[in-house]
Amino acid sequence: MNTATTATVSLGAVTIGLGILAWHLARWWKTGGGGPKAGPPGAGGGGGRDPKQLIPFMAATALGMLTITAAGGLLGTGAVMLLDAGNTLGNWSLTAVTGTATPGVTRSGQKVLSPGGCAALVIYIVVLAAIWKSGGKVFHGKVTSGVTCGVMLGLSAGFSGVAAAAVVSVFNALGDKVTGVM
């Protein structure tokens with residue numbers, strides 16, 4: 001069984017994660033996500049916001065949240081390294097821009113992936129890799145920024161941390177049932 005990761009998240013990293021999320025949601029809202037009812041060019045757009053346009057980003061965000069809770073192996077190590085970089089960059093930027101302190105905002109009682117959940121995570125990565133292979137440049141950008149967003153938000157004590165706990169619970173239940181691990 002995996003133990004809880006010892007990684008911590010700061011307000012700076014959460015700010016980066018929320019900034020990435022806000023960027024994607026604002027662009028989707030403004031452009032309409034390429035839906036059939038998008039407004040005419042130059043008219044502000046946004047008419048037919050197609051929720052399907054958010055799927056690559058949100059699927060990648062879930063992947064980032066899962067990898068930061070993997071707590072070990074190559075995935076967990078890579079996610080912790082990315083989180084550490086986000087903590088450093090976010091803390092520096094908040095301090096430089098606003099002059100504020102950047103406290104830790106890691107939630108207590110973190111959920112971790114069970115062995116079955118880890119198996120489900122590997123299968124999820126295989127599926128996303130297959131889709132990645134057929135995607136274009138814009139798709140690759142959505143996936144990369146989504147994973148980064150998920151890693152930055154996955155351990156936070158706020159709503160995003162609750163969302164990550166829900167994603168982990170679903171993967172644990174699914175993985176345990178499918179693989180027969182109880």
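Numbers here are sequence positions counted from 1.
The two residues Met152 and Gly86 come nearest to each other via the heavy atoms CE-CA, 3.6 Å. The minimum heavy-atom distance between Ala7 and Val80, with the atom names listed, is CB-CG2, 3.9 Å. The two atoms that bring Thr8 and Leu83 nearest to each other are O-CD2, 3.5 Å, heavy atoms only. For the residue pair Ile68 and Gly154, the shortest heavy atom distance occurs at CG2-CA, 4.0 Å. Nearest heavy-atom pair, Ala120 versus Gly175, reported as atom, atom and distance to 0.1 Å: CB-CA, 3.9 Å. For the residue pair Ser145 and Ile20, the shortest heavy atom distance occurs at O-CG2, 3.5 Å.
The closest side-chain heavy-atom distance from Asn87 to Val9 is below 4.5 Å. Within the 4.5 Å cutoff, the side chain of Val143 has no heavy atoms near those of the Leu128 side chain. Val14 has its side chain within reach of Leu153: a pair of non-hydrogen atoms, C-beta onward, lies under 4.5 Å apart. The shortest side-chain heavy-atom distance between Thr144 and Trp132 falls under the 4.5 Å cut-off. A 4.5 Å side-chain heavy-atom check between Leu121 and Leu63 finds at least one atom pair inside the cut-off. Side-chain contact between Thr15 and Leu94: present, with at least one pair of heavy atoms (C-beta onward) separated by less than 4.5 Å. When side chains are defined from C-beta on, Ile16 counts as touching Leu89, because their heavy atoms get closer than 4.5 Å.
In this structure, the side chain of Arg27 does not engage the main chain of Ala22 through any donor-acceptor pair within 3.5 Å. A donor-acceptor pair under 3.5 Å links the side-chain atoms of Thr69 to the main chain of Leu66, judged by distance alone. Asn172 contributes no side-chain N or O that, together with a main-chain N or O of Val167, makes up a donor-acceptor pair within less than 3.5 Å. No donor-acceptor distance shorter than 3.5 angstrom exists from the side chain of Ser10 to the backbone of Thr102, with no hydrogens or angles considered. Judged by distance alone, with hydrogens and angles left aside, the side-chain atoms of Thr95 form no donor-acceptor pair with the main-chain N or O of Trp92 at under 3.5 Å. Side chain of Tyr124 to backbone of Ala59: a donor-acceptor contact under 3.5 angstrom is found. In terms of modelled atom types and a separation under 3.5 Å, the side chain of Thr77 and the main chain of Leu74 share no donor-acceptor contact.
The CZ atom of Phe139 sits 6.5 Å away from atom OG of Ser134, with the distance rounded to the nearest 0.5 Å. Residue Leu18 holds its CG atom at 16.0 Å from CH2 of Trp23, rounded to the nearest 0.5 Å. A distance of 8.5 Å separates NE2 in His140 from NZ in Lys133, rounded to the nearest 0.5 Å. Atom CE of residue Met58 and atom NZ of residue Lys142 lie 12.0 Å apart, to the nearest 0.5 angstrom.
Using a 30° and 60° split on the angle between ring planes, Phe57 and His24 fall in the parallel class, below 30°.
Under the 4.5 Å side-chain contact rule for hydrophobic residues, Ile123 and Leu174 do not share a cluster. If you chain together hydrophobic residues whose side chains sit under 4.5 Å apart, Leu21 and Trp29 fall into the same group.
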Fill in: From CA spacing to verdict: side chain to side chain contact (heavy atoms under 4.5 Å, CB included), Met65, Leu155
CA-CA 8 Å; Met65 290 176 171; Leu155 298 178; over 6 Å; no
